[in-house]
Engineer: 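Dropping a structure here in structure tokens format, bear with me for questions.
Predicted model, so just to flag it, every value in this text is computed and none were measured. Note on naming: letters A, B, ... go to the chains in the order of the sequence lines (proteins, then strands), and numbering restarts at 1 for each one.
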Protein chains: 2
Amino acid sequence: MLIILDEETLLKAVGDRNVVKKQNATIYDVANRVGVSLATVSRVVNGNKNVRDSTKEKVLKAIDELGYQPNAVARGLASKKSTTIGIVMPDVTNLYYAELTRGINDVANMYHYDVLLTNTDDDPVRDVLAINSLESKQVDGIIFMGNELDQGVRKTIDALNIPVVLAGCVDAQQKLPSVNIDYIDAFYEITASLLRHGHENVALVMGSLDEAINRDYRLAGYTKALNEVGRQVDEKLLFTTGRDYQKTLELAPKVVASGATAMIVYDDVVAVALLNYLHDHHFDLPGQMELVTSNDTNYSIISRPQLTSIAQPKYDIGAVAMRMLTKLMNNEDLKEQAVKLPHTIVQRQTTHELN
Amino acid sequence: MLIILDEETLLKAVGDRNVVKKQNATIYDVANRVGVSLATVSRVVNGNKNVRDSTKEKVLKAIDELGYQPNAVARGLASKKSTTIGIVMPDVTNLYYAELTRGINDVANMYHYDVLLTNTDDDPVRDVLAINSLESKQVDGIIFMGNELDQGVRKTIDALNIPVVLAGCVDAQQKLPSVNIDYIDAFYEITASLLRHGHENVALVMGSLDEAINRDYRLAGYTKALNEVGRQVDEKLLFTTGRDYQKTLELAPKVVASGATAMIVYDDVVAVALLNYLHDHHFDLPGQMELVTSNDTNYSIISRPQLTSIAQPKYDIGAVAMRMLTKLMNNEDLKEQAVKLPHTIVQRQTTHELN
DNA sequence: ATGAAAGCGCTAACAT
DNA sequence: ATGTTAGCGCTTTCAT
């Protein structure tokens, strides 16, 4: 005769609760122990009002005794909600994205979402793969970060049945909800400031001009400031490079050779490489060269001299993006589609007094 | 009469495929379209050999036409595998942990796992909460990083039915699989080196002595080197602080006041704060003060002078930990429980020649 | 206030 | 080689 032991009996038989891994109890076990139906247990777990206080207590007690934890996967299948969101980003080890991620994570946890994280190294193919994978995992929403909204990525997102919010990533077509600073404004302001210092040659160091954020935003702001004082963009002062310390070190002499006496840089890692090149070649900053960076990560405080920077509320960009996503996942309307958070210019040691 | 349209008919009726979001096809839809059973479709999706080539092709074709993507949640419920792992870590914005995370992520993706990420800010309570949450999401394994394996965390992990690997986190009790450098050795070596330079007072700056990694590893290595030359630890030269730039700036004068002429620091953010304090107070490094840091993140290259550092193979620690986890999830045995990856000492500008 | 029962989309025996 | 069927653990109508 086959004897089937239930968990409790088994534990007693073994004598020591700690020897046996707890065999995860199901909602069924809880219902059985209390003598109610699954539905009732489900109701108390989900905070449904329609449960008598006395039974609710009994259920809660049983849950505690059994160490019952709802199985989120089963719940997800039944409810079609996974309480999980996905992040698609270039690289966690880039401080800028790491800070955005932190903001996203904190707000996500606040709303009891877990976060699936994927690094795609700015590769559009991997972006698409990542989004598809997240979709198959039934995430309730996605936050997309990255330099560029590639055509394929856009199509993939359009075909999705779940909301997507861009963070630190512009949508030139203004279709997807996004959170950023006003890049045009920021680059306009800082260029204008530098121009007022009397520079003839202000270099702009950014990412690929194939990307809208460089072409239509950073460069646009820079151009606007130049045009305003009746000047044209000199292509010799435009430089593009990836977010790589070593590669930028190689670019540095070219920037210097361009005759620039001031430079505006789009990423802190790049700016620090430039700074260190100048430092190691005994340049006087800001005397011989003024330098402004863009993201105000720890790098700009840690470097010597400290970097003057366009400051983005990085954590907040992530946090606000996630907050917007929760609304979308809740089918609420958004007040604004393209949120622009305020930026500032933090004056440090690589520029003269800015105004 | 009610007419129920299938997706295809609907799309044709609408006329433009792009107007309608694709209603996710199920395995059932695929089976129907081909005229086979669910099981057959499931087999081709899962690469089961028992399918005739011709039917396999037909199924593949239908999958393509329908844009079918398996529902990972349903699959997870049925198979009891989520192909998802969890990471519990202090803070993504700390470069050290970010690099480990990157290593974990890359190997995870290589094995087709997705990664759920939680920041717990070194709070044991949040560690436990995070682990429980991951468990309810049915992750197949967990990688735990952090300063300390708190008692509660340990109990929670012990009660788990899924494998856990520690990365950049020591288990003083040697029970859980882990990947680290040999901290004792590393701190012994660097202390001995500095002692050979003739220093009377070598300060050690680390995290809380309540944590085993500081007490039993970093301090132990330091002590060993001192003892070896017949000296005792002077408590006045021991400093503890969190990984915070500003707070360390406040600690800096105390370290200087201790009379130390050399210091060994456990974290790069902390080391950079100390360095900048010294720099801003016109100390000559390494002339008046030698300084060694521990993690060899970007900070040590970016700072001026560049920091001499104990170098950890951070990415590899993450990668190896994840590789071990895949084995455990696959019920394979581990050759070693406590893997120690080789460290090096990278000589830069804050120390004299090391030997 | 509570229960019964039908799925959610899939995997995995088992049968053929 | 393919189909049938019974779950996986839960939510959610619909009854009562």
Side-chain angles (χ1 to χ4, degrees), chain A residues 4 7 22-60 62-63 66-84 135-140 161-162, chain B residues 7 22-60 62-63 66-84 133 135-140 161-162:
Chain A
I4 297 175
E7 189 204 346
K22 74 162 184 267
Q23 177 58 50
N24 296 329
T26 70
I27 198 171
Y28 183 79
D29 299 327
V30 178
N32 261 358
R33 172 178 263 252
V34 184
V36 293
S37 73
L38 305 191
T40 301
V41 178
S42 176
R43 285 191 188 97
V44 352
V45 168
N46 293 298
N48 187 311
K49 287 277 145 202
N50 290 338
V51 185
R52 204 191 301 148
D53 275 357
S54 61
T55 62
K56 180 176 170 182
E57 268 171 44
K58 278 190 279 183
V59 169
L60 253 16
I63 284 177
L66 257 29
Y68 167 72
Q69 268 193 318
N71 178 325
V73 172
R75 192 186 268 203
L77 184 60
S79 71
K80 310 206 151 280
K81 301 222 162 301
S82 61
T83 59
T84 302
E135 184 187 17
S136 80
K137 293 253 163 141
Q138 311 293 113
V139 296
D140 298 332
N161 285 315
I162 50 176
Chain B
E7 189 205 347
K22 75 163 181 268
Q23 177 59 49
N24 295 329
T26 71
I27 197 171
Y28 184 78
D29 299 327
V30 178
N32 260 359
R33 171 178 263 253
V34 184
V36 293
S37 73
L38 304 191
T40 302
V41 178
S42 176
R43 283 190 188 99
V44 350
V45 168
N46 292 299
N48 187 312
K49 286 278 146 202
N50 290 337
V51 185
R52 203 191 302 147
D53 275 357
S54 61
T55 62
K56 180 175 169 181
E57 269 171 43
K58 278 189 279 183
V59 169
L60 253 16
I63 285 177
L66 256 30
Y68 168 71
Q69 268 192 317
N71 178 326
V73 173
R75 194 187 268 204
L77 184 60
S79 70
K80 310 206 148 282
K81 301 223 162 297
S82 62
T83 58
T84 302
S133 170
E135 185 187 18
S136 81
K137 293 252 163 142
Q138 311 292 113
V139 296
D140 299 332
N161 284 317
I162 51 176

Engineer: Identify the two heavy atoms, one from A:Ala62 and one from A:Val30, that lie closest to each other, and give their separation to 0.1 Å.
Structural biologist: CB-CG1, 4.1 Å
Engineer: Between A:Ser42 and D:dC10, does any side-chain N or O lie under 4.0 Å from OP1 or OP2?
Structural biologist: no
Engineer: Quick one: A:Ile63 CD1 to D:dC10 C1', roughly how many Å, whole number?
Structural biologist: 13 Å
Engineer: B:Lys137 NZ to D:dC8 P: how many Å, rounded?
Structural biologist: 22 Å
Engineer: Classify the side-chain pair B:Thr84/B:Lys137 by whether it contains a donor and acceptor separated by less than 3.5 Å.
Structural biologist: no
Engineer: Side chain of B:Ile27 only, please: which of D:dC10, D:dT2, C:dT11 is the nearest?
Structural biologist: C:dT11
Engineer: Please list, in numerical order, the residues of residues 46-56 of chain A that have a heavy atom closer than 4.0 Å to any atom of DNA chain C.
Structural biologist: A:Asn50, A:Val51, A:Arg52, A:Thr55
Engineer: Within the structure, does a side-chain N or O atom of A:Tyr68 lie under 4.0 Å from either OP1 or OP2 of D:dC10?
Structural biologist: yes
Engineer: Heavy-atom distance under 4.5 Å between the side chains of B:Val45 and B:Arg75, does that happen here?
Structural biologist: yes
Engineer: For residues 50-57 of chain A, please give each side-chain donor-acceptor pair under 3.5 Å, one per line with the distance, not counting sequence neighbours.
Structural biologist:
residue : atom : partner : partner atom : Å
A:Thr55 : OG1  : A:Arg52 : O            : 2.8

Engineer: Quickly work out the A:Asn32 CG to D:dG9 C1' distance and round it to whole Å.
Structural biologist: 14 Å
Engineer: Between D:dG9 atom C1' and A:Leu38 atom CG, what is the distance in whole Å?
Structural biologist: 9 Å
Engineer: B:Ser79 or A:Lys80: which one's nearest nucleotide on DNA chain C is closer to the 5' end?
Structural biologist: A:Lys80
Engineer: Can you find a side chain N or O atom of B:Arg75 that sits less than 4.0 Å from OP1 or OP2 on C:dT11?
Structural biologist: yes
Engineer: Which whole-number value in Å describes the distance from B:Tyr28 OH to C:dG9 P?
Structural biologist: 12 Å
Engineer: Kindly indicate whether the side chain of B:Thr40, heavy atoms from C-beta on, has any atom under 4.5 Å from the side chain of B:Lys58.
Structural biologist: no
Engineer: I need the CG-P distance between A:Asn24 and D:dC8, as an integer number of Å.
Structural biologist: 14 Å
Engineer: Would you confirm whether A:Ser42, through its side chain, and A:Leu38, through its main-chain N or O, come within 3.5 Å as a donor-acceptor pair?
Structural biologist: no
Engineer: To the nearest 0.5 Å, what is the distance between CD1 on B:Ile27 and CG on B:Leu66?
Structural biologist: 12.0 Å
Engineer: Could you state the atom-to-atom distance from CD of B:Gln138 to P of C:dT11 in whole Å?
Structural biologist: 16 Å
Engineer: Of the non-hydrogen atoms in B:Pro70 and A:Ser136, which two are nearest, and what is the gap between them?
Structural biologist: O-CB, 3.4 Å
Engineer: Hey, does A:Val36 reach any base, or is it just sugar-phosphate, or nothing, if we go heavy atoms under 4.0 Å?
Structural biologist: sugar-phosphate
Engineer: Take atom CZ of B:Arg43 and atom C1' of D:dT2, then tell me their distance rounded to the nearest Å.
Structural biologist: 6 Å
Engineer: Measuring from the side chain of A:Ser37 (C-beta onward, heavy atoms only), which nucleotide among D:dG3, C:dG3, D:dT11 has the closest atom?
Structural biologist: C:dG3
Engineer: Can you tell me how far the CG atom of B:Asn161 sits from the CD atom of B:Glu135, to the nearest 0.5 Å?
Structural biologist: 7.0 Å
Engineer: Whether A:Thr40 contacts C:dG3 is assessed here as follows: a side-chain N or O lying under 4.0 Å from the phosphate OP1 or OP2. Is that the case?
Structural biologist: yes
Engineer: Of the nucleotides C:dC10, D:dC14, D:dC10, which one has an atom closest to the side chain of B:Asn71?
Structural biologist: C:dC10
Engineer: Between B:Thr26 and B:Asn71, is there a side-chain heavy-atom distance shorter than 4.5 Å?
Structural biologist: no
Engineer: To the nearest 10°, let me know how far the axis at one end of the helix from C:dA1-D:dT16 to C:dT16-D:dA1 is tilted from the axis at the other, five pairs an end.
Structural biologist: 30°
